[in-house]
Amino acid sequence: MRLQIRNKEMKRISLLLFFIVLTSCHSGLKKDEIKKLNGYWEIQKVTLANGEHKDYKVNETIDYFEVKSNEGFRQKVMPQFDGKFRTNDIKSRIKIVDKDDAFFIEYNTNYGKWQEEIITLQDSTLVLKNKENVTYTYKKFKPFSFK
C-alpha cells in the first residue's frame with residue numbers, strides 16, 4: 001500500500017516538473033507586446049552557434065521596425081548628428097507569425113525569404129535567432145547627444 005502511494009506521489013512530482021520545464025522554455029512574449037518591436041534598434045552583439053561572439057561598439061546603421069496588425073517593414077537607416085536619419089528607401093517586408101508557442105519575424109525581400117525567432121522583446125532589449133542558431137542582440141537606439 002505504501003509503495004502505491006509513493007508511486008502516485010512520484011508521478012505527480014514528475015508531471016509537475018515536466019510542466020515547469022515546459023513553461024520555462026517559452027519566451028513568455030505576449031501578442032500585445034509585439035508593438036515594442038516598433039522603433040529604432042542598434043545591434044550590440046552577434047553570437048554564433050558555436051558560442052563565439054562579436055561585440056559592436058559603434059554602428060553606422062540602425063534597424064528601424066514598423067509593425068501594425070502583425071505586418072510591416074524593417075529598414076536600415078543611418079543616424080545623423082542633427083537627430084534625423086538617412087536611408088536608401090529599401091524596406092524589407094515583414095510579418096509576425098505565432099507558431100509553436102513562439103513568435104517569428106518572417107522576411108520577404110527581392111533576395112529571398114527567411115525568418116528569425118523573437119527570443120526576447122523588452123522595452124530596451126531585442127534578441128533574435130535564425131535557423132542557423134545565430135543570435136542577434138539589439139538595444140533600443142538612443143540619438144546622439146552633445147550635452
Side-chain angles (χ1 to χ4, degrees), residues 7 9-147:
N7 282 342
E9 287 176 14
M10 290 302 290
K11 285 180 185 179
R12 285 183 189 152
I13 291 171
S14 296
L15 191 58
L16 178 63
L17 287 174
F18 172 75
F19 283 113
I20 289 171
V21 170
L22 185 65
T23 57
S24 67
C25 293
H26 188 277
S27 69
L29 185 63
K30 296 178 179 73
K31 191 172 186 174
D32 64 336
E33 294 177 311
I34 294 297
K35 63 186 172 204
K36 292 179 182 179
L37 184 61
N38 288 321
Y40 298 92
W41 293 93
E42 182 176 12
I43 190 78
Q44 273 187 300
K45 177 174 63 172
V46 175
T47 305
L48 303 177
N50 66 5
E52 291 180 41
H53 68 274
K54 178 179 180 182
D55 293 321
Y56 290 83
K57 303 293 183 202
V58 178
N59 297 296
E60 292 181 14
T61 61
I62 306 297
D63 290 316
Y64 174 73
F65 288 88
E66 187 173 306
V67 178
K68 295 177 184 171
S69 300
N70 291 333
E71 292 190 12
F73 65 90
R74 178 180 184 173
Q75 183 176 31
K76 297 283 186 189
V77 298
M78 293 171 279
Q80 305 299 296
F81 290 110
D82 62 2
K84 296 180 181 177
F85 297 91
R86 282 192 8 215
T87 181
N88 59 9
D89 291 326
I90 296 174
K91 298 177 181 178
S92 300
R93 290 187 317 242
I94 62 173
K95 186 176 187 178
I96 307 300
V97 178
D98 179 2
K99 67 179 178 183
D100 300 328
D101 290 327
F103 287 92
F104 294 83
I105 302 174
E106 288 187 349
Y107 298 88
N108 187 354
T109 71
N110 293 337
Y111 306 104
K113 295 180 183 182
W114 69 96
Q115 69 179 13
E116 294 173 324
E117 182 178 358
I118 301 173
I119 303 300
T120 303
L121 178 54
Q122 299 170 341
D123 291 333
S124 60
T125 305
L126 169 65
V127 180
L128 303 174
K129 183 169 70 170
N130 66 17
K131 69 178 182 178
E132 289 84 22
N133 287 321
V134 176
T135 303
Y136 303 90
T137 303
Y138 296 84
K139 65 180 178 179
K140 201 67 145 168
F141 174 73
K142 293 183 180 167
F144 300 119
S145 176
F146 295 106
K147 295 180 183 179

Output all residues satisfying side-chain hydrogen bond (donor to acceptor under 3.5 Å, both in side chains) with Asn50, sequence neighbours left out; order by chain, then residue number.
Glu52
State which residues pass side-chain hydrogen bond (donor to acceptor under 3.5 Å, both in side chains) with Lys99; sequence neighbours excluded, sorted by chain then number.
Gln115
With side-chain contact (heavy atoms from CB on, under 4.5 Å) as the test, would you mind laying out the steps for Ile43 and Thr61 before giving the verdict?
CA-CA 9 Å; Ile43 190 78; Thr61 61; over 6 Å; no
Glu132: what forms a side-chain contact (heavy atoms from CB on, under 4.5 Å) with it, not counting sequence neighbours?
Asn130, Val134
Test of understanding: with side-chain contact (heavy atoms from CB on, under 4.5 Å), list the residues that count as partners of Lys31, not counting sequence neighbours.
Asn70, Phe103
Report the residues that fulfil ring pair (Phe, Tyr, Trp, His ring centres under 6.0 Å) with Phe104, sequence neighbours left out, ordered by chain and then residue number.
none
All heavy atoms of Ala102 vs all of Glu117, minimum pair found to be CB-OE2, 3.5 Å
Nearest 0.5 Å, please: how far is OG in Ser92 from OH in Tyr111?
9.5 Å
Which distance, rounded to the nearest 0.5 Å, do you find between the CD of Glu106 and the CD of Glu71?
10.0 Å
Going by the rule side-chain contact (heavy atoms from CB on, under 4.5 Å), which residues pair with Asn110 if we only count those two or more places apart in sequence or in a different chain?
none
Output the distance between atom OG1 (Thr87) and atom CE (Met78), rounded to the nearest 0.5 Å.
6.5 Å
Pairwise side-chain contact, Asp55 with His53, heavy-atom cut-off 4.5 Å (strictly under):
yes
So NZ of Lys129 and OG1 of Thr47: to nearest 0.5 Å the spacing works out to 11.0 Å
Quick one: are Leu37 and Ile105 in side-chain contact, heavy atoms under 4.5 Å?
yes
Can you name the nearest heavy-atom pair linking Val127 to Thr125, along with the distance?
CG2-CG2, 4.2 Å
Is the shortest heavy-atom distance from the side chain of Leu128 to the side chain of Ile118 under 4.5 Å?
yes
Nearest non-hydrogen partners of Phe141 and Pro79, listed with the distance:
CZ-CB, 3.6 Å
Please enumerate all residues that pass ring pair (Phe, Tyr, Trp, His ring centres under 6.0 Å) together with Phe73, with sequence neighbours excluded.
Tyr64
Selection residues 33-45 - residue pairs positive for side chain to side chain donor-acceptor pair (under 3.5 Å), sequence neighbours left out:
Glu42-Asn59
Partner residues of Ser124 under the side-chain hydrogen bond (donor to acceptor under 3.5 Å, both in side chains) criterion, sequence neighbours left out
none
Interatomic distance, Tyr138 atom OH to Ile62 atom CD1 [nearest 0.5 angstrom]:
10.5 Å
Enumerate the residue pairs fulfilling salt bridge (Lys or Arg N to Asp or Glu O under 4.0 Å) with a member in residues 74-93, sequence neighbours excluded, ordered by first and then second residue.
Asp63-Arg74, Asp63-Lys76, Arg74-Glu116
Report yes if the side chains of Val46 and Tyr56 come closer than 4.5 Å at any heavy-atom pair, otherwise no.
yes
With a 4.5 Å cut-off on side-chain heavy atoms, are Thr120 and Thr137 touching?
no
